[in-house]
Amino acid sequence: MPTARVTAAVLRERPGAICQRNGSHAEGLFRERRPIYTATMSLRARHLLGIEHLEPVEITTLLDLSDTFVDLNRRDVKHDTALTGLTQVNMFFEHSTRTQASFEIAGKRLGADVMNMHMQSSSVKKGETLIDTAMTLNAMHPDLLVVRHPSSGAVSLLAQKVNCAVINAGDGRHEHPTQALLDALTIRRTKGRLQRLTVAICGDIAHSRVARSNILLLGKMENRIRLVGPPTLMPAGAAEWGVEVCTNLEDGLKDADVVMMLRLQKERMDGAFIPSEREYYHRFGLDGDKLRHARDDAIVMHPGPMNRGVEIDGTIADDINRSVIQDQVEMGVAVRMAAMKLLADNLHAARAETEEMA
Ligand code: ASP
Ligand code: ASP
């Protein structure tokens with residue numbers, strides 16, 4: 001199993017530098033049904049910058065806690081107090097609807113004060129640097145900073161300049177840790193395990209931070225990983241990552257338990273990587289015929305947003321017997337709640353220590 005090799009090789013690829021409701025009834029419900037955390041649940045790091053930095057036991061911890069939040073999120077009253085009194089700022093330097101909404105809901109359900117900053121439309125356009133922005137924000141004492149940025153490594157850089165906990169919500173082609181965690185939770189809940197599975201990650205691997213974070217996570221958890229796509233969309237050196245590389249979708253899907261399709265990232269392409277979308281769909285688009293090569297019980301995943309008719313056929317995407325794409329969205333909120341709760345615990349512990357020393 002390629003676990004250790006996967007991790008080491010992918011690391012080399014990393015960027016160089018870089019209401020609670022009022023009323024007794026609701027309150028009663030809330031108190032009665034509050035998720036139970038176990039005391040041993042913790043993360044070592046102050047930030048969540050990538051899967052790269054997580055130990056397998058931390059991944060399991062995050063997923064176990066996420067499971068309790070899935071339960072909470074399915075109840076009528078969905079509030080918890082894990083982030084009460086804390087300020088969460090979502091700073092998105094790149095367009096996002098889904099991820100930002102997911103982090104916002106996650107924070108609000110845990111009682112945080114949440115603010116969204118759309119950086120494309122504000123001071124960045126006026127020439128302010130990333131560090132200026134970070135320092136300005138830092139002076140307002142946020143507790144949790146959720147950052148998406150088009151440059152690989154920018155989020156880590158920012159994390160070094162602020163006093164709060166930082167979560168990487170996607171940086172360039174580098175990492176998107178909460179996406180890999182929500183994918184892992186979806187797989188674990190549908191397959192009953194997160195080990196010894198054959199996972200085919202298909203499509204535009206070269207431009208995908210989702211692929212990179214998933215390769216790291218699934219490798220750490222000892223799964224068999226197959227990267228499938230045209231050579232032009234395969235990152236240089238992929239063959240040395242300890243994964244299988246396949247340039248034919250039918251072969252790549254053989255015996256797969258999990259089929260993870262990726263969006264063709266046209267905005268990150270600076271040249272002609274595919275002959276045409278029609279040709280791409282013909283060879284690499286997932287449809288019913290091609291899916292027959294995977295196991296009969298294989299699940300189909302996609303991080304969204306989907307290009308229907310380019311990397312995936314709409315019928316497959318909507319097939320509730322195969323597609324878990326909507327489950328991924330649901331799991332996303334729970335995973336983000338878990339990540340923010342654990343980082344907030346560290347923040348409280350560090351502050352308590354500082355107070356003691358003072
Ligand atoms: N880029 C997509 C969106 O924002 C999905 C994501 O945010 O992860 O809509
Ligand atoms: N939403 C994911 C991301 O932001 C995948 C994608 O945009 O294709 O990386």
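Along the sequence shown, residues carry numbers from 1. In each ligand, atom 1 is the first atom listed, and ligand 1 is the first ligand listed.
- Judged by the shortest distance from any of its heavy atoms, Arg148 lies inside the 4.0 Å radius around the atoms of ligand 2.
- No more than 12 heavy atoms of other residues, nucleotides or ligands sit less than 6.0 Å from atom CZ of Arg283.
- The SG atom of Cys202 lies 5.0 Å from the CG atom of Leu253; values are rounded to the nearest 0.5 Å.
- Between the choices Ser213, Gly304, Pro303, the shortest heavy-atom distance to atom 1 (N) of ligand 2 belongs to Gly304.
- Side chains of Thr97 and His95: a donor-acceptor N/O pair is present below 3.5 angstrom, by distance only.
- Contact annotation: for Arg209 versus ligand 2, heavy atoms closer than 4.0 Å belong to the side chain alone.
- Within the set Gln265, Glu311, Met306, the minimum heavy-atom distance to atom 8 (O) of ligand 2 is found for Gln265.
- Remark: side-chain polar atoms of Asp319 are not paired, donor with acceptor, to backbone N or O of Thr315 under 3.5 angstrom.
- Geometrically, ligand 2 and Gln179 share no nitrogen or oxygen pair separated by less than 3.5 Å.
- Remark: Arg336 is positioned above the aromatic ring of Phe103, its terminal NZ or CZ atom under 6.0 angstrom from the ring centre and at most 45 degrees off the axis.
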